[in-house]
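Computation of the quantities below employed the complete heavy-atom set of this structure, encompassing side-chain atoms and omitting hydrogens, waters and symmetry-equivalent molecules. Fair warning: this is a prediction, and the values are worked out from it, not measured in the lab. Below, read A as the first sequence line, B as the second, and so on, with proteins coming before strands; counting in each chain starts at 1.
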Amino acid sequence: MTVRTRFAPSPTGYLHVGGARTALFSYLFARKHGGQFVLRIEDTDLERSTTESVNAILEGMTWLGLEYDEGPFYQTQRFERYDQIIDELLERGLAYRCACPKERIEQLREKQMAERLKPRYDGHCRGKEVSADEPHVIRFKNPDTGVVVVDDMIRGRVVFSNEELDDLVIRRSDGAPTYNLSVVVDDADMGITHVIRGDDHLNNTPRQINILRALGREVPRYAHVPMILGDDGARLSKRHGAVSVIAYRDQGYLPEALLNYLVRLGWSHGDQEIFSLDEMIELFSIGDVNRAASAFNTDKLDWLNQQYLQHADPARIARLLSPHMGRLGIDPATGPDLAEVVRVQAARAKTLVELAEISAFFYRDFEGYDEGAAKKHLRPVARESLEQLAAAFELMSFEDWTPAELKHVVERVAEELGVNMGKVAQPLRVAIVGRAASPGIDETLWLVGKDATLRRIAQALRYIGARAAAD
RNA sequence: GCUCCCUUCGUCUAGCGGUUAGGACGCUGGCCUCUCACGCCGGUAACAGGGGUUCGAACCCCCUAGGGAGCGCCA
């Protein structure tokens, strides 16, 4: 039997991190076992489903690199099939027409709640002959005795009593099938062997198994994964910041970092923290997924993103960084090779957005100095070293403008003035960068280039002069 | 209300009857150092509570508490 898993989102919003993790687990399980991963769009709710959502989900899957082998299938294109199944159940006496008005159902529910009972349909129309001509829904005739055992790959053995279940609606009065019916038909028709989904579906599982049995179809294995909470332990929502995977992309996270973060949420392999996709496929085991919900921790995602940023191929990061530079109004082609910039800056940023921000000075003069940095380093005492540096740089040829040569020059000036490196390098850094933080002064100067270096030193000297005059 | 699920440092987790309860993020002390960051060394901090079972429980059982989900003509 070939393993087949599926991801079945309903297109009523973007792809959020919880869904992405469920998709990842399904994907990993299929890949590990040489099976197929299917994408199915559950759009039977015509009111709330939108094509924008479908596109957002597909975009998210593509960005994450979760390739599906079949699909996307759309449930709205399979209504005929659901009708066929419902008619079959009706003919075989496994389902029946119910003409109970909504008011009766509501009254029933209220009465049951008042009696501290679980609200359930009472089977009022079970034995009745309701004409197909009058308004009605179709209900599945659920067994009223015995138990249903769900042998869940994550939860273990969960037992439900049929007495807790009622005759659920499988076809609405408008003729559309309901979720519990369509999901079962699709999983069976599509040969899904392992259903990996959110644990909010655990309570629906016994109903689905009963329908499957009535249809004489094979019951798949189930794995119900716990949900993801916000940093505060509350259910994840917009107020926690980004929940859409596309928002993470836009904020400058790498897909492999997000996948790595998500796979570790609820799962682990010893003390290992960093997993390539291949390692995930090799090592992931659905049975080892934690049963408890886990909180999304952006600090740890940031750390992972930084890890990937600094170890990834600089050329690739440069390609991903380029649009973020553009967003700052910078055309990377007008300055140093972006890949070199990435090479010297990558360990200093948590996201591509941050990487772009701290790298802007390589491409354009900054607007104003960081207050604290200027106050501390751009003082009259720095005048002499900056003047000497400028004079020395002025004499350097294009060929000599290398990190090694630049380092010699700065060291020589420090030596001549009888001060340590810091006394010379820090004022220079603030003059060139505008802030007190940057890569090594040699690489910084090298990438900024001679023209901008001299221009910014002159600017810094004017600043110091103005400041001295003001005092 | 009823049914089902869950509970180890602040967070993610290891543990699968005998451990000084381990690692990671965060926070923090130090080292490295031209700054920042990286890296390295160290510190902080947890078995929800109560009963059993057992020579011995974070691990097994029961109860309580606290979270969560479901109980739709949503998915």
Side-chain angles (χ1 to χ4, degrees), chain A residues 8-12 42-45 47-49 75 98 102 105 109 112-120 136-139 150 152 154-155 158-161 163-166 168-180 182-183 197-207 224 226-227 229 231-235 261 264-274 290-304 306-307 310 345-350 358 373 377 407 410-411 414 420-426 428-430 433 435-442 444:
Chain A
S10 60
T12 54
E42 308 221 322
D43 54 354
T44 53
D45 184 353
E47 299 280 306
R48 297 195 299 153
S49 299
Q75 291 192 318
C98 167
K102 283 188 180 176
I105 304 289
R109 179 172 299 126
Q112 286 166 331
M113 289 288 267
E115 289 171 25
R116 304 179 145 204
L117 294 170
K118 185 181 198 169
R120 298 158 58 223
H136 67 276
V137 298
I138 310 288
R139 287 182 185 274
V150 180
D152 195 276
I154 294 174
R155 309 282 153 160
V158 184
V159 182
F160 295 86
S161 170
E163 288 167 26
E164 295 296 330
L165 276 27
D166 64 356
L168 70 155
V169 172
I170 54 176
R171 180 193 278 161
R172 302 180 177 97
S173 48
D174 67 1
T178 58
Y179 165 73
N180 280 303
S182 56
V183 73
R197 73 219 310 189
D199 70 358
D200 48 334
H201 291 286
L202 182 57
N203 284 296
N204 286 322
T205 308
R207 301 172 185 284
H224 288 94
M227 60 183 233
L229 276 21
D231 330 45
D232 54 358
R235 188 178 188 147
Y261 180 73
R264 279 284 289 103
L265 214 49
W267 177 81
S268 64
H269 181 258
D271 288 341
Q272 188 171 345
E273 295 289 348
I274 308 286
N290 245 321
R291 291 198 269 264
S294 34
F296 195 95
N297 184 226
T298 305
D299 282 338
K300 186 147 185 182
L301 172 62
D302 282 346
W303 174 76
L304 271 170
Q306 185 174 42
Q307 292 293 312
Q310 67 178 304
Q345 288 279 54
R348 294 177 168 78
K350 295 184 191 311
I358 64 171
H377 299 293
K407 190 170 188 193
V410 178
E411 280 170 348
N420 57 37
M421 257 303 259
K423 283 277 188 293
V424 175
Q426 276 307 86
L428 177 59
R429 172 171 281 112
V430 176
V433 183
R435 288 177 275 114
S438 87
I441 195 68
D442 47 351
T444 299

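At a cut-off of 3.5 Å, with distance as the only test, a side-chain donor of A/Arg429 or A/Gln426 sits close to an acceptor on the other residue. Using modelled atom types and a 3.5 Å distance limit, the side chains of A/Ser182 and A/Thr44 yield no donor-acceptor pair. For the residue pair A/Thr205 and A/Arg197, a side-chain donor N or O sits within less than 3.5 Å of a side-chain acceptor on the partner.
The base of B/A75 lies outside donor-acceptor range of the side chain of A/Asp200, with no N or O pair under 3.5 Å. You won't find any donor-acceptor pair under 3.5 Å spanning the side chain of A/Ser294 and the base of B/C12, going by distance alone.
With sequence neighbours left out, A/Arg435 forms a salt bridge (Lys or Arg N to Asp or Glu O under 4.0 Å) with no residue at all. Looking at residues two or more places apart in sequence or on another chain, you find a ring-ring contact (aromatic ring centres under 6.0 Å, His included) between A/His201 and A/Tyr179.
Among the protein residues, A/His224 comes within range of no part of the nucleic acid, since none of its heavy atoms lies under 4.0 Å from any strand. Nucleic acid contact class of A/Asn290 (heavy atoms, under 4.0 Å, all strands): sugar-phosphate only. Across all strands, A/Thr44 comes closer than 4.0 Å only to sugar-phosphate atoms, never to a base (heavy-atom distances). Looking at heavy-atom distances under 4.0 Å, A/Arg48 makes contact with a base. A/Val169 comes within 4.0 angstrom of sugar-phosphate atoms only, judged by non-hydrogen atoms across all strands, and of no base. Across all strands, A/Lys423 comes closer than 4.0 Å to no nucleic acid atom at all (heavy-atom distances).
For the C1' atoms, the distance from B/A58 to B/G15 is 8 Å, rounded to whole Å. Nucleotides B/C5 and B/U44, compared at atom P, are 39 Å apart to the nearest Å. Rounded to a whole angstrom, the distance from the P atom of B/U33 to that of B/A24 is 25 Å. Rounded to whole Å, the separation between the P atoms of B/A21 and B/C25 comes to 22 Å. The gap from the C1' atom of B/G23 to that of B/G43 amounts to 16 Å, rounded to the nearest Å. Atom name P, nucleotides B/G50 and B/A14: the rounded distance is 24 Å, in whole Å.
The CG atom of A/Asn297 sits 10 Å away from the P atom of B/U11 (whole-angstrom rounding). If you measure from atom CG of A/Leu265 to atom P of B/A24, you get 18 Å, rounded to the nearest angstrom. The interatomic distance linking A/Arg264 (CZ) with B/C12 (P) rounds to 11 Å, in whole Å. The CD1 atom of A/Ile274 sits 10 Å away from the C1' atom of B/A24 (whole-angstrom rounding). Separating the CD atom of A/Gln112 from the P atom of B/G72 is a distance of 9 Å, rounded to the nearest angstrom. Taking atom CG on A/Asp299 and atom P on B/G10, their separation rounds to 16 Å, with Å as the unit. As a whole-Å value, the separation of A/Asn180 CG from B/C73 C1' is 12 Å. Rounded to a whole Å, the CG atom of A/Asp231 is 14 Å from the P atom of B/C27.
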Report, as a single string ordered 5' to 3', how protein heavy atoms within less than 4.0 Å touch nucleotides 32-42 of chain B: B base, S sugar-phosphate only, - not at all. --BBBBSS---
Scoring nucleotides 43-49 of chain B by protein non-hydrogen atoms under 4.0 Å (B base, S sugar-phosphate only, - none) yields -------
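Base pairing of B/G42 is made with B/U28, judged by Watson-Crick or G-U wobble geometry with both donor-acceptor distances under 3.5 Å. Of the nucleotides present, B/U3 is the one that pairs with B/A69 by Watson-Crick or G-U wobble criteria, both distances under 3.5 Å. In this structure, B/C55 and B/G18 make a Watson-Crick or G-U wobble pair, each of the two defining distances being under 3.5 angstrom.
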Between the protein and nucleotides 59-66 of chain B, list the N/O to N/O atom pairs that are separated by less than 3.5 angstrom.
none

Show me the protein contacts with nucleotides 2-6 of chain B, counting only N or O atoms at under 3.5 Å.
| unit_1 | atom_1 | unit_2 | atom_2 | d |
| --- | --- | --- | --- | --- |
| B/U3 | O4' | A/Glu164 | OE1 | 3.4 |
| B/C5 | O2' | A/Arg155 | NH1 | 2.3 |
| B/C6 | OP1 | A/Arg291 | NE | 3.1 |

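For A/Ser268 and B/A14, the shortest distance from a side-chain N or O to OP1 or OP2 is below 4.0 Å.
Between the NZ atom of A/Lys300 and the CG atom of A/Leu265 there is a distance of 9.5 Å, given to the nearest 0.5 Å.
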